[in-house]
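Heads up: the structure comes next, in structure tokens.
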Amino acid sequence: MAQSPSLITLLTDFGLQDPYVGIMKGVMLSRCPDAQLVDLSHDVPAQNVTAGALMLESAWRYFPPGTIHLAVVDPGVGSDRAIIAARVGEHCFVAPDNGLLSLIFEQSSPDRIVHVAAKDLYLKPVSRTFHGRDIFAPVAAALARGVSLDDLGTTTETWHRLDLPSPVHESDGSLRGSIIYIDRFGNLVSNVLGTQMLTLPRITIGDRQIDRLAGSYADVPPGEVLAIIGSSGRLEISVNQASASEQLQLGIGDEIHITSRMRDDDQA
Amino acid sequence: MAQSPSLITLLTDFGLQDPYVGIMKGVMLSRCPDAQLVDLSHDVPAQNVTAGALMLESAWRYFPPGTIHLAVVDPGVGSDRAIIAARVGEHCFVAPDNGLLSLIFEQSSPDRIVHVAAKDLYLKPVSRTFHGRDIFAPVAAALARGVSLDDLGTTTETWHRLDLPSPVHESDGSLRGSIIYIDRFGNLVSNVLGTQMLTLPRITIGDRQIDRLAGSYADVPPGEVLAIIGSSGRLEISVNQASASEQLQLGIGDEIHITSRMRDDDQA
Amino acid sequence: MAQSPSLITLLTDFGLQDPYVGIMKGVMLSRCPDAQLVDLSHDVPAQNVTAGALMLESAWRYFPPGTIHLAVVDPGVGSDRAIIAARVGEHCFVAPDNGLLSLIFEQSSPDRIVHVAAKDLYLKPVSRTFHGRDIFAPVAAALARGVSLDDLGTTTETWHRLDLPSPVHESDGSLRGSIIYIDRFGNLVSNVLGTQMLTLPRITIGDRQIDRLAGSYADVPPGEVLAIIGSSGRLEISVNQASASEQLQLGIGDEIHITSRMRDDDQA
């Protein structure tokens, strides 16, 4: 362990109105008093594992080595879904095994995943409605105190994968993706990675056609639609100083189609 | 004082949009630089002392010994309502004397309550609109620095009790309670404690009748109504993976009626 | 540097739903592991520099000497707007040069302002959409580690001023101001400072006339309108235990007119 305090990030769909998150922090600080707690988000749309997975995947790399990431978006709480803890490089993760970590596992192969079964650590009695307090918080605090994955459970090679739509390569060379997330500014985030973009792209979404990638929002006048590779590395549709989601009346699941203007030029 | 930093929890109805909470934290860290601050909630419904009292009562026990709990839901700010500081076991509390602490005092008798009158500690001039900044934050920081209750004011034996409805035991042996809180997931939290439940309960709320207590949300299919003893130890009406409040169109004050099916069986 | 951990406050319009703020914290804690991070607000209305400036100006003084205040409300991200870092007494500030700091600079002359140009510190590659992560967070963390303004860029004497309406002194001696901010409780905050108030004021807003300044909300019965010098030192129109904004149907830009009843008395 480093000398600096152990850092634990929290991502949940518990919201900040109820004291659920505060209670989890109380449990963690009872078990690991010098832990440093950082909120990633507690406003994951309720029980939306996909949104939580995308948010965690866009954030974890920016934390220092040794960070423990605790994520609880858990529609199956109280069922027999497993809880997993994992090490990916110098980061640790704790989450229900429902796909919340699958984007991270797919992009950065985990060094180790265990099925958590460390009843001695749990709060007693374990409720069947608030594992965040009774199981997840104690397990994250144990990792922060330096407990090893070995002591938390047995290694598993399998884990739940998210059923996230992937962009489709059409036979005409075009790419058909979809909107998978909308952020606070109304930016429409797609499942198309910047690394997948075609040369000289023409992007069609709803009844709009956008013929180039902007480098920044300010590349177009206020109120105008633009396409951009956003801060998470994904193709986004935005409106400078306004909400693309509202202005275009588009949302999650809506299709985005990318052709290459090189092709058009060839044909012309 | 323990070696770990002093922990102060905050519960207010100030919201997180305005910088009021941040200002209180600035005052506390000016007075006690190594305090560790944890938010319980700042979205107590505005000036709703009952909701604040329920939230604090459900959370404080999960914090380590030595924690100071600062709660400011204070419709009477600037009036002559008193401010109290109290010790309950190894926890300290600071709040207006308006019932915010009364659920805690009723369940865990306080070792000591003082009427706060420690003008030397306050920010000068004391505004009449923001005691959170000018009085509450300095008093909590003083406790975090190890100032004793003796130095904050004079002992009082009386304190404001909340006028919270209690479940009524009817002459036919049934129990008549009501909904007192709705959480972020739309769970309807009642004033009936798990310890008060009848054997083989039949729960009637609105036009629904529920004939058993679930052990977890996942005990029923998604979209179905269930009754459960929630994480705060109270009877709750929930819908698996949806909002009971929306689906049943029920809210605070609505009645919940519990009979025992043993009785029915006897009669049958 | 003091021995206590370096304190960094954060004010943004990023909201708390997306993990943007958490990502900035990850970057800061990677660079300065023992920094103490305090949120002022992340719910500045989107891209509203004026609201952000008012919020920061009302809060910064309550933090201890040595605090670094990071503010990112940045509609011009990716354009050629400058980024400034400044020292005002024992506080440091980092923000885009778009007026976000101008209320502070006008009231407390800055000791030093620099145009930030410290590319070595930035995350690489610098995105053009998320300078909060790639530039602002590393620069604030550098200040927290004790890097001096000298090492961040070159001194500038000019900075962007906010185009905030000032109250107008009319030829009849009256004062004409306007509402510039509405807080969570619906209090209407004006651009008139308490120090500018006329003797024996009569305050007209919408169709209401208020003939005295209240000392606290509780000076009038619940539901009644009052005028008060609020906690930020500005004239506010409030309703005891309710929202003035809703009850009076007034908002930002609406006019507030102050005459002196002494004048009336003279004329009578």
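Numbers restart at 1 for each chain; the letters A, B, ... are given by sequence-line order, proteins then strands. Just so it is clear, the values below take in all heavy atoms, side chains as well, and ignore hydrogens, waters and symmetry mates.
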Identify which part of [X] has an atom lying under 4.5 Å from any heavy atom of chain A, answering side chain, backbone, both or neither.
X: C:Leu37; answer: neither
X: C:Val21; answer: neither
X: C:His131; answer: neither
X: C:Asp13; answer: both
X: C:Asp80; answer: neither
X: C:Arg81; answer: neither
X: C:Phe14; answer: both

Notebook entry, point to check: Looking at A:Gly215, A:Ala218, A:Pro45, which one has more heavy-atom pairs under 4.5 Å with chain C than the rest?
Noted result: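 With the most close heavy-atom pairs to chain C, the winner is A:Gly215.
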
Check: Of the listed residues (A:Leu54, A:Asp219, A:Thr67), which shares the most heavy-atom pairs with chain C below a 4.5 Å separation?
Finding: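 Highest number of heavy-atom pairs under 4.5 Å: A:Asp219.
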
Item checked: Atom CG of C:Asp163 with >12 non-hydrogen neighbours under 6.0 angstrom ->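 Counting other residues, nucleotides and ligands, CG of C:Asp163 stays at 12 neighbours or fewer.
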
Next item on the list: For atom CD of C:Glu246, decide whether the heavy atoms of other residues, nucleotides or ligands shown that lie under 6.0 angstrom number more than 12.
Entry: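 No.
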
Drop me the distance from [X]'s [atom1] to [Y]'s [atom2], to the nearest 0.5 angstrom.
X: C:Thr129; Y: A:Tyr217; atom1: OG1; atom2: OH; answer: 4.5 Å
X: A:Leu40; Y: C:Ile23; atom1: CG; atom2: CD1; answer: 7.5 Å
X: A:Tyr181; Y: C:Asp18; atom1: OH; atom2: CG; answer: 3.5 Å
X: C:Leu29; Y: A:Thr9; atom1: CG; atom2: OG1; answer: 11.0 Å

Determine yes or no for a side-chain-to-main-chain donor-acceptor pair under 3.5 angstrom, with [X] supplying the side chain and [Y] the backbone.
X: A:Ser41; Y: C:Gln17; result: yes
X: C:Ser127; Y: A:Gly230; result: no
X: C:Arg133; Y: A:Tyr62; result: no
X: A:Gln36; Y: C:Ala35; result: yes

Margin query: Is the shortest side-chain heavy-atom distance between C:Leu16 and A:Asp39 below 4.5 Å?
Written below: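 They are not in contact (no side-chain heavy atoms under 4.5 Å apart), so the answer is no.
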
Next item on the list: Please flag which part of A:Asp183 lies under 4.5 Å from any non-hydrogen atom of chain C: side chain, backbone, both or neither.
Entry: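 Both parts, heavy atoms under 4.5 Å.
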
Checklist line | A:Gln241 versus C:Gln47, closest heavy-atom pair with distance | finding: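 Residues A:Gln241 and C:Gln47, closest heavy atoms: CA-OE1, 2.9 Å.
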
Checklist line | For C:Gly26 against A:Pro64, the heavy-atom pair lying closest together | finding: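 Smallest interatomic distance, heavy atoms only, reads O-CD, 3.9 Å.
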
